[in-house]
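Notes to accompany the following structure.
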Amino acid sequence: MPGKKFSSVEMIGRLIGFDTTSRESNLALIEFIRDYLDRWRVKSELVYDEGRRKANLYATIGPDHVGGVLLSGHTDVVPIDDQDWSSDPFKAEIRDDAIFGRGACDMKSFIAVALAKVPEMLEHGLDVPIHFAFTYDEEVGCLGVRPLIEVLKNRPVKPRLCIIGEPTLMQPATAHKGSRRLRCHVHGHEAHSSLTHRGVNAIDAAAELVVQLKNIARRKRTQGPFDAQFDPPYTTISTGTIQGGTAFNIVPKECRFDFQIRNVPEDDPEAITDELKHFAASLLPEMQDVSQAASIAFEEQNIVPALSTPLDAEVVQLALELSGANGTCKVSFGTEGGLFQQAGIPSVVCGPGSIAQAHKPDEFVALDQVRQCEDFVDRLIERVRR
Ligand SMILES: [Zn+2]
């Protein structure tokens with residue numbers, strides 16, 4: 001065999017060594033994986049972003065005429081800016097039975113374990129293929145996986161099911177909330193602040209809209225729909241930024257604000273935006289009485305659909321069996337799983353490490369979690385081998 005073998009821990013160290021903060025290129029890491037697979041005679045396909053600065057990697061081990069089990073992970077990590085680390089975040093360090101480094105749990109360890117197991121997959125030969133999908137720009141809105149899914153959709157054969165290795169302490173998660181980010185632009189009319197009746201105050205209108213969002217959020221909190229497995233167990237709405245106006249004595253012409261809806265799977269975020277748009281329409285006559293040009297516009301910034309996979313789905317049963325976990329959970333963070341599910345590939349989230357360590361200084365994955373992830377992949381190989 002021509003390829004080089006890595007232990008999982010060695011491979012985790014190699015992957016952490018690439019600074020793949022979302023704003024940077026991930027190509028060095030992707031090319032390292034491609035070359036590693038190449039030496040094991042596994043072909044990879046790269047799906048680039050528009051500027052060819054970043055790429056997703058897709059590969060199949062085993063037969064290519066049937067759909068198999070997709071192991072999916074994002075290669076990008078969140079920034080270390082203003083974080084106080086005890087060791088170099090891009091140099092894996094083992095201490096206290098854990099591996100420290102940016103991406104240790106979110107989520108290079110899962111990718112590394114899958115890669116380290118490639119020689120064993122090849123040695124046995126597989127009846128059902130194992131696919132890899134390693135993506136870019138997950139942390140900034142699940143951007144990279146979208147063009148990859150477009151490519152997969154047009155294939156005669158696509159993965160039958162998908163396991164997303166985000167950190168769940170190796171417990172299969174069947175659901176997460178959806179996320180919808182919107183920007184609202186309010187366009188009013190400037191006037192001297194002594195002549196308010198000749199102006200259209202854009203901040204006033206924006207404030208009414210923000211309060212309306214707050215009212216909807218209160219209703220969700222008290223009336224649901226509820227799902228007790230989420231924290232909190234209802235849809236949330238949060239206004240994140242607001243900008244407008246130029247001086248205290250000018251009726252402001254412009255105001256804009258950003259807000260985010262995180263919906264439980266059984267709730268419809270579209271209905272919430274429709275309700276807000278309806279309310280906006282009710283504000284317009286008064287504004288347009290003063291200026292015909294007054295307007296309120298909404299701009300969709302990013303949508304990540306909720307994930308909700310039925311307990312009796314094949315992928316859930318498989319993940320339960322491979323992990324040895326005695327139950328499933330639901331997670332509060334979004335993943336690429338909602339997009340895979342939307343594309344007809346049933347998904348669960350199951351990976352090493354805890355989300356409590358993600359995005360923080362001194363991010364780590366416990367060595368025991370790495371071992372559990374190895375067991376998971378070993379059992380998968382056992383299941384699909386010849
Ligand atoms: Zn992640």
Side-chain angles (χ1 to χ4, degrees), residues 4-37 44 46 54-59 70-80 83 85 87-95 97-118 132-140 142 144-145 148 162-170 333 335-337 349-374 376-377:
K4 176 171 160 42
K5 287 192 182 180
F6 288 82
S7 71
S8 298
V9 172
E10 284 166 349
M11 189 60 97
I12 292 169
R14 291 303 291 264
L15 299 190
I16 287 176
F18 295 96
D19 176 358
T20 51
T21 308
S22 307
R23 63 183 171 231
E24 307 291 344
S25 166
N26 74 337
L27 288 183
L29 177 143
I30 288 290
E31 283 160 10
F32 164 77
I33 297 176
R34 181 196 61 196
D35 293 347
Y36 166 79
L37 291 174
S44 343
L46 303 196
K54 299 174 183 180
N56 302 299
L57 182 145
Y58 185 74
L70 174 60
L71 303 181
S72 174
H74 62 83
T75 62
D76 61 319
V77 294
V78 295
I80 53 158
Q83 291 188 343
W85 282 71
S87 56
D88 183 347
F90 297 109
K91 194 160 178 286
E93 192 174 297
I94 300 180
R95 55 178 196 268
D97 291 321
I99 306 172
F100 288 79
R102 173 53 88 224
C105 75
D106 188 10
M107 57 175 287
K108 287 179 169 174
S109 292
F110 179 80
I111 296 175
V113 170
L115 288 171
K117 292 286 177 188
V118 165
F132 293 155
F134 303 142
T135 61
Y136 63 88
D137 279 359
E138 189 272 349
E139 295 288 5
V140 289
C142 294
V145 73
L148 176 64
C162 172
I163 293 159
I164 317 258
E166 295 272 7
T168 64
L169 290 169
M170 294 309 297
F333 54 92
T335 76
E336 295 168 336
V349 186
C350 186
S354 162
I355 196 69
Q357 271 90 52
H359 299 200
K360 297 212 300 200
D362 291 346
E363 176 180 345
F364 69 86
V365 65
L367 288 171
D368 180 59
Q369 283 291 306
V370 176
R371 277 189 290 273
Q372 285 190 42
C373 186
E374 288 179 316
F376 184 97
V377 180

- Item | Side-chain heavy-atom pair Ile94, Leu367 within 4.5 angstrom cut-off | yes
- Message: Show the nearest heavy-atom pair for residues Ser87 and Glu93, with the distance to one decimal.
- Response: CB-OE1, 3.3 Å
- Task: Would you confirm whether Ser72, through its side chain, and Ile163, through its main-chain N or O, come within 3.5 Å as a donor-acceptor pair?
- Result: no
- Item | Those residues that, when tested against Arg23, pass side chain to side chain contact (heavy atoms under 4.5 Å, CB included) (two or more places apart) | Thr21, Pro79, Asp81
- What residues form a side chain to side chain contact (heavy atoms under 4.5 Å, CB included) with Leu46, not counting sequence neighbours? Ile30, Arg34, Tyr48, Ala55, Leu57
- Looking at side-chain heavy atoms only, is the closest gap between Ile33 and Phe132 below 4.5 Å? no
- Query: Taking side chain as C-beta onward, heavy atoms only, is Asp76 less than 4.5 Å from Asn26?
  - Reply: no
- Query: Between Arg102 and Trp85, is a side chain to side chain contact (heavy atoms under 4.5 Å, CB included) present by the stated rule, with each step listed?
  - Reply: CA-CA 10 Å; Arg102 173 53 88 224; Trp85 282 71; 3.5 Å; yes
- Nearest atoms (heavy-atom pairs only) where Thr168 meets Cys350: OG1-CA, 3.4 Å
- Message: Nearest 0.5 angstrom please: His359 NE2 to Gln83 CD, how far?
- Response: 9.5 Å
- Note on the structure: Rounding to 0.5 Å, atoms CZ (Phe134) and CG (Leu148) come to a distance of 11.5 Å
- Is there a donor-acceptor pair under 3.5 Å between the side chain of Lys108 and the backbone N or O of Leu15? yes
- Message: Going by salt bridge (charged side-chain N to carboxylate O under 4.0 Å, His left out), name the residues that satisfy it together with Glu139, two or more places apart in sequence or in a different chain.
- Response: none
- Query: Any side-chain heavy atom of Lys360 within less than 4.5 Å of one from Glu363?
  - Reply: no
- Task: Check side chain to side chain contact (heavy atoms under 4.5 Å, CB included) between Ser109 and all other residues, then give those that pass, not counting sequence neighbours.
- Result: Ile12, Pro352, Val365
- Ala358 meets the side chain to side chain contact (heavy atoms under 4.5 Å, CB included) criterion, sequence neighbours left out, with Cys105, Asp106, Ile355
- Query: Considering residues at least two apart in sequence or located in another chain, which fulfil the side chain to side chain donor-acceptor pair (under 3.5 Å) criterion with Tyr36?
  - Reply: none
- Message: Quick check for you: to the nearest 0.5 Å, what is the distance between Leu70 atom CG and Ile164 atom CD1?
- Response: 7.0 Å
- Message: Just to verify, what does Glu166 make a salt bridge (charged side-chain N to carboxylate O under 4.0 Å, His left out) with, not counting sequence neighbours?
- Response: none
- Task: Please name all residues satisfying salt bridge (charged side-chain N to carboxylate O under 4.0 Å, His left out) with Asp137, sequence neighbours left out, ordered by chain then number.
- Result: Lys54
- Under the side chain to side chain donor-acceptor pair (under 3.5 Å) rule, collect the residues that match up with Glu138, sequence neighbours excluded. His74
- Task: Looking only at non-hydrogen atoms, find the nearest pair between Tyr136 and Thr75 and report the distance.
- Result: CA-OG1, 4.1 Å
- Only counting residues at least two apart or in another chain, list the ones meeting ring-ring contact (aromatic ring centres under 6.0 Å, His included) with Phe110. none
- Taking every heavy atom of Val77 against every heavy atom of Phe90, the minimum-distance pair comes out as CG2-CE2, 4.4 Å
- What's the spacing between Glu10 CD and Lys4 NZ if we round to 0.5 Å? 6.0 Å
- Heavy-atom pair with the smallest gap, counting every atom of Glu374 and Ser8: OE2-OG, 2.6 Å
- In chain order, what residues pass the ring-ring contact (aromatic ring centres under 6.0 Å, His included) check against Phe100, with sequence neighbours excluded? Phe364
- Query: Got a sec, which residues hit side chain to side chain donor-acceptor pair (under 3.5 Å) with Asp368, two or more places apart in sequence or on another chain?
  - Reply: Gln372
- Can you name the nearest heavy-atom pair linking Pro89 to Ile16, along with the distance? O-CG2, 3.5 Å
- Once you round to the nearest 0.5 Å, how far does OG1 of Thr335 lie from CE of Met107? 9.0 Å
